[in-house]
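One structure is given here, and the rest of the page talks about it.
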Amino acid sequence: MKTFTLLPVRSLLEGGRESAKPGSILKAGGVDLLDRMKEGLETPDRVVSIAHVPGHDGIEVGPPARIGALATLARLDSHAELRRVYPALADAAGGAATPQIRNMATLGGNLAQRPRCWYFRQAEFDCTKKGGAQCFALNGENRFHAIFDTDVCCCIHPSATAVALLAYAARVDTVGTRGKRSISIEDFFVAPREDPTRENQLAAGEVIEAVVLPAPAPGSRSVYKKLKEKESFDWPLVETAVSVSVSRGTIQDARVVLGSVSPVPRRARGAEKILAGARPSAELIARAAEAAVAGATPLSQNAHKVRLARVMVERALREILA
Amino acid sequence: MADDSRSGFTRRDLVRGALVGAVAATAGAKTPAEADRGIGPGAVPITLQINGQTHRLTAEPRVVLADALRDRLGLTGTKVVCGRGACGACTVLVDGNPVCSCLLLAAEVQGRKITTIEALASDGRMKPIQEAFVAADALQCGFCTSGMVMSCKALLDRTPKPTRDEIRHAVSGNLCRCGTYPHVFDAVERAAGIRTAEGRAHPPDGTPVFQTLAASRTFTSDQRVDAGVAEALDLEEA
């Protein structure tokens, strides 16, 4: 790892201001950043650390819930009240990575981490995501890559919490040199077609301050499910978060989200349309699951992920509509 | 404690600060403090609270806790395998929570309570969890063992009578390529008194198993060159 100057700051705003200066980079838990620095993908002259900024690791369940960006994934997992109201988020956080990583990784960092594509993660590959001319995974080793939106960069977004947050229609509150703003979690992410070198719309000098989750509709249920090759220590092959509200036997509102299938977390709107206003049935669930993967464009090695995604949506819907 | 690091200016920093100051003054730009804030990149004083003792060292801000422990303080019981948070060999406890010491900057854990494998055995006697590892034959090559034991200790500190699922969960971040997991589960249950010890509860002192679990065994990667040679190599690298 190249040498650098370390600046521990006392506020998120200061962190934003300092990290916007040339050669500087922002650090929170540092799990993903130090990995990239050790790989030589990032070679900052200065690391601006918000790791010990006080007052931003709180979890207020509300609802609406407000979770400080510096809350660790372990705390999201172990927070009983958060788990009761927003179980999909607690499960997404609690199933990510390993116990050690969850003790270090922050919610803000989980949302802002860079993808795990093995071509992107090696300095030798000047891929689209690094500003290069080609996506090596497109015609290379791509069994773990995207099955949707694969035309520019076929990486998958690595954030598990984002998948749950999309199902809860969360907002990302930021603070920065240009003031504060609140961004819908869907608008937060940037698709490769817009700009392959980034995954979110955080501007220079802008820092995630908190994540806000609206109150769940009365009678709503939610679940997060993922499928991995190994039970622990593994990235998901596919993951899904589903939130539905049912009133008088009819589905009022449904949000179906797929993760690990596309460069940014994906709402399966086709499935949502089929569910809204309908009465739950096995046939309806099967149809919605089919719609969730409609239009998939799998790569040479990952056609199986289409089926996995369909099955996971089906299982998630069965569980909460049972 | 964390403030200690901020006052850690080296002579090099002073010289550079003065130079930047001179440039800034002529350009009418920012003050030196604003233009060049932060500690390092050279070695800075770092104070760590490890196993109840205060350790003072100087290290560059880029030095991670695992390297500070092993290379600067000679606490080689903590092992490093992947260096990327993917194996758990380097697991230590920070304020009681297991973390990967390969991904924590030493300068950023000042003032935190750090516990390493060396804290467990004392006066030639192992802690119950270590004795249980011996009794359950819960290790083969021993390279993951330090981290594995630390994860188990953190679990037992919080959950004295864990279920097997809780044990599995607790060591799910510790990769053992020898595949000793079933014996590790047994060891934790023995240490928790859930399973009565049937094997040797007290191994003969000085056996390799004892040394491994007490973190006093030297693995190949624990070999260190003479301090003078190391310094010369560091200078060459710089």
Side-chain angles (χ1 to χ4, degrees), chain A residues 1-10 14 17-19 21-24 27-39 43-54 72 74-75 77-78 94-105 109 116 121 228 230-235, chain B residues 2-3 5-6 8 13 16 30 34-44 60-64 67 82-88 90-105 107-112 147 150-151 154-155 158 168-175 181 238:
Chain A
M1 193 159 43
K2 187 180 91 65
T3 57
F4 56 83
T5 303
L6 177 67
L7 177 67
V9 293
R10 291 174 191 284
E14 187 189 1
R17 195 169 53 229
E18 293 295 332
S19 65
K21 290 178 182 170
S24 296
K27 172 190 170 297
V31 173
D32 179 35
L33 179 63
L34 288 192
D35 188 6
R36 283 184 282 129
M37 285 168 66
K38 286 183 173 191
E39 188 60 43
T43 52
D45 295 322
R46 189 171 68 156
V47 171
V48 177
S49 177
I50 55 169
H52 299 302
V53 172
T72 61
R75 289 199 43 239
D77 178 30
S78 63
T98 67
Q100 289 93 323
I101 298 293
R102 294 194 292 273
N103 280 329
M104 309 161 77
R116 294 278 160 175
R121 290 277 163 170
K228 298 177 289 186
K230 295 184 292 172
E231 270 301 298
S232 69
F233 238 137
D234 207 358
W235 295 91
Chain B
D3 286 350
S5 57
R6 283 183 207 116
D13 290 329
R16 199 187 36 202
K30 290 165 182 163
E34 273 178 322
D36 193 28
R37 289 175 58 206
I39 59 167
V44 297
E60 295 170 345
R62 67 169 165 169
V63 172
V64 294
D67 293 342
C82 74
R84 305 293 182 86
C87 75
C90 68
T91 302
V92 301
L93 309 188
V94 171
D95 295 333
N97 296 314
V99 293
C100 297
S101 60
C102 70
L103 289 180
L104 280 175
L105 298 178
E108 287 210 286
V109 287
Q110 299 185 85
R112 314 280 295 275
M150 294 313 288
S151 286
L155 168 70
R158 206 157 296 168
R168 285 173 192 273
H169 197 66
V171 299
S172 65
N174 294 82
L175 200 61
Y181 292 101

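Within every chain, numbering begins at 1; the chains are lettered A, B, ... in the order of the sequence lines, protein sequences first and strands thereafter.
At least one donor-acceptor pair under 3.5 Å links the side chain of A:R46 to the backbone N or O of B:R37. At least one donor-acceptor pair closer than 3.5 Å links the side chain of A:N103 to the backbone N or O of B:P98.
By the 4.5 Å heavy-atom criterion applied to side chains, A:Q100 and B:N174 are counted as neighbours.
Contact between A:T98 and B:G173 at its shortest, heavy atoms only, is CB-CA, 3.5 Å. Shortest non-hydrogen contact noted between A:L6 and B:L105 is CD1-CD1, 4.0 Å. The two residues A:I101 and B:C100 make their nearest non-hydrogen contact at CD1-SG, 4.0 Å. B:S172 and A:P99 make their closest contact through OG-CD, 3.4 Å (heavy atoms, listed as atom of the first residue, atom of the second, distance). A:H52 and B:E108 make their closest contact through NE2-O, 2.8 Å (heavy atoms, listed as atom of the first residue, atom of the second, distance).
For the atom pair SG of B:C82 and NZ of A:K38, the computed distance is 8.0 Å after rounding to the nearest 0.5 Å. Atoms OG1 and CZ, from A:T3 and B:R62 in turn, are 5.5 Å apart once rounded to the nearest 0.5 Å.
Heavy-atom pairs under 4.5 Å with chain B were tallied for A:G30, A:S49, A:G29, A:S24; the largest tally goes to A:S49.
Contacts of B:A154 with chain A are absent, with no heavy-atom separation under 4.5 Å from either backbone or side chain. Only the backbone of B:C87 has a heavy atom closer than 4.5 Å to any heavy atom of chain A. When heavy atoms are compared at a cutoff of 4.5 Å, A:K2 approaches chain B solely by way of its backbone atoms N, CA, C and O. Looking at B:V64, the atoms closer than 4.5 Å to chain A (heavy atoms on both sides) all sit in the side chain, from C-beta outward.
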